[in-house]
> 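Got a structure for you, written out below as structure tokens; questions coming shortly.
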Amino acid sequence: MMNNAPGSPHPGTGTGTGTHPGPDPTAAVHAQNLTVTRGPRTVLRDLGFTVPRGQITGLLGPSGCGKSTLMRAIVGTQAKVTGTLDVLGRPAGHPTLRTRIGYVTQAPSVYDDLTVRQNLDYFAAILNPGRHNADRRHDHVTRAISDVDLTTHADALAGNLSGGQRNRVSLAVALLGAPELLVLDEPTVGLDPVLRRDLWTLFHDIAASRGATLLVSSHVMDEAERCHRLLLMREGQLLADDTPDALRTRTDAETVEKAFLDLVDRAKEKAETTGTKEPTR
Ligand SMILES: Nc1ncnc2c1ncn2[C@@H]1O[C@H](COP(=O)(O)OP(=O)(O)OP(=O)(O)O)[C@@H](O)[C@H]1O
């Protein structure tokens with residue numbers, strides 16, 4: 001399903017003819033000519049980008065632009081993916097990537113009839129089975145619960161938590177295996193400003209202390225300022241792959257939001273000048 005660009009002689013080696021430079025072996029994610037169709041629609045079109053390791057890359061764009069689809073392709077759960085998509089040096093979806101990637105979907109995936117700790121214990125037992133790992137599991141679970149600031153709720157049933165708290169249980173599950181790449185789909189949606197700030201502090205801690213790579217989607221542009229790098233998307237296409245500073249400088253804008261709007265206008269103008277149609281949705 002992955003890395004099957006027509007004419008690509010070496011799957012996974014990024015030998016396509018896209019506009020992005022060749023593969024960077026140190027990159028966490030490298031995409032070239034990446035296209036995804038869902039039903040009759042082309043929802044991602046010819047994307048080329050690189051996500052550097054050990055940093056937070058924000059994936060930003062309006063609702064429906066294709067952020068979740070791109071994340072699903074990266075973690076290997078999306079069908080009908082063509083082009084090159086390498087993740088941690090392997091083609092996306094490779095079985096060895098399963099334990100190296102943590103993925104948190106928009107809908108929290110937790111068992112409502114288990115407590116926070118029991119949820120974590122369950123997933124920890126899958127990652128590190130056996131009695132001889134019991135102490136290790138206990139430490140990992142306690143640390144993950146503390147990381148997401150749910151220690152005082154460790155014995156509460158997940159079904160009795162707020163939406164934001166349940167999201168944080170999902171995040172704790174993803175942190176359990178100390179993944180090299182964390183893919184977080186709108187992790188701060190619906191959270192109050194204090195929790196949002198605390199989560200972003202946690203993301204920076206994870207990147208700095210564990211050297212993990214984080215790919216975080218959001219449609220809230222002020223969150224862009226908290227990222228090391230940004231992928232700005234619109235209608236299945238990439239408008240920019242840059243740092244927030246470089247984006248603001250390049251567009252002479254005060255904020256990333258203004259830079260994004262400027263890039264949208266430029267893309268429209270270019271499409272009108274060249275007679276290219278806007279992408280069909
Ligand atoms: N199962 C599906 N079948 C066909 N099209 C789909 C399916 N799921 C999503 N799409 C379409 O794919 C496009 C991208 O959806 P996606 O969920 O990736 O966007 P998004 O940027 O993550 O949106 P949001 O911010 O609202 O979550 C949308 O136009 C959507 O209608």
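When a ligand or atom number is given, it counts from 1 through the structure's own listing order. If you're wondering where the values come from, they're calculated on a predicted model, not measured in any experiment.
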> Of the listed options (Ser63, Gly39, Ser68), which comes nearest to atom 17 (O) of ligand 1 when hydrogens are ignored and any heavy atom counts?
Ser68

> Would you check the N or O atoms of Gly66, main chain and side chain alike, for any that come under 3.5 Å of an N or O of ligand 1?
yes

> Can you tell which part of Pro62 has a heavy atom less than 4.0 Å from ligand 1: side chain, backbone, both or neither?
backbone

> Could you check whether any side-chain N or O of Glu269 sits under 3.5 Å from a backbone N or O of Arg266, counting only pairs where one atom can act as donor and the other as acceptor?
no

> Closer than 4.0 angstrom: is that true for some heavy atom of Gly236 and an atom of ligand 1?
no

> So, is Gly64 polar-close to ligand 1, with some N/O to N/O distance under 3.5 Å?
yes

> Taking heavy atoms and a distance under 4.0 Å, where does Val43 meet ligand 1: side chain, backbone, both or neither?
side chain

> Indicate the ring-plane relationship of Tyr111 and Phe123, choosing parallel, tilted or perpendicular according to the 30° and 60° boundaries.
parallel

> With a 4.0 Å cut-off on heavy atoms, does Glu186 reach ligand 1?
yes

> Can you tell me which portion of Met233 lies within the under-4.0 Å heavy-atom range of ligand 1? Options are side chain, backbone, both, or neither.
neither

> Would you call Gly61 a ligand 1 contact, heavy-atom distance under 4.0 Å?
no

> Could you check whether the rings of Trp200 and Phe203 sit parallel, tilted or perpendicular, using 30° and 60° as the cut-offs?
perpendicular

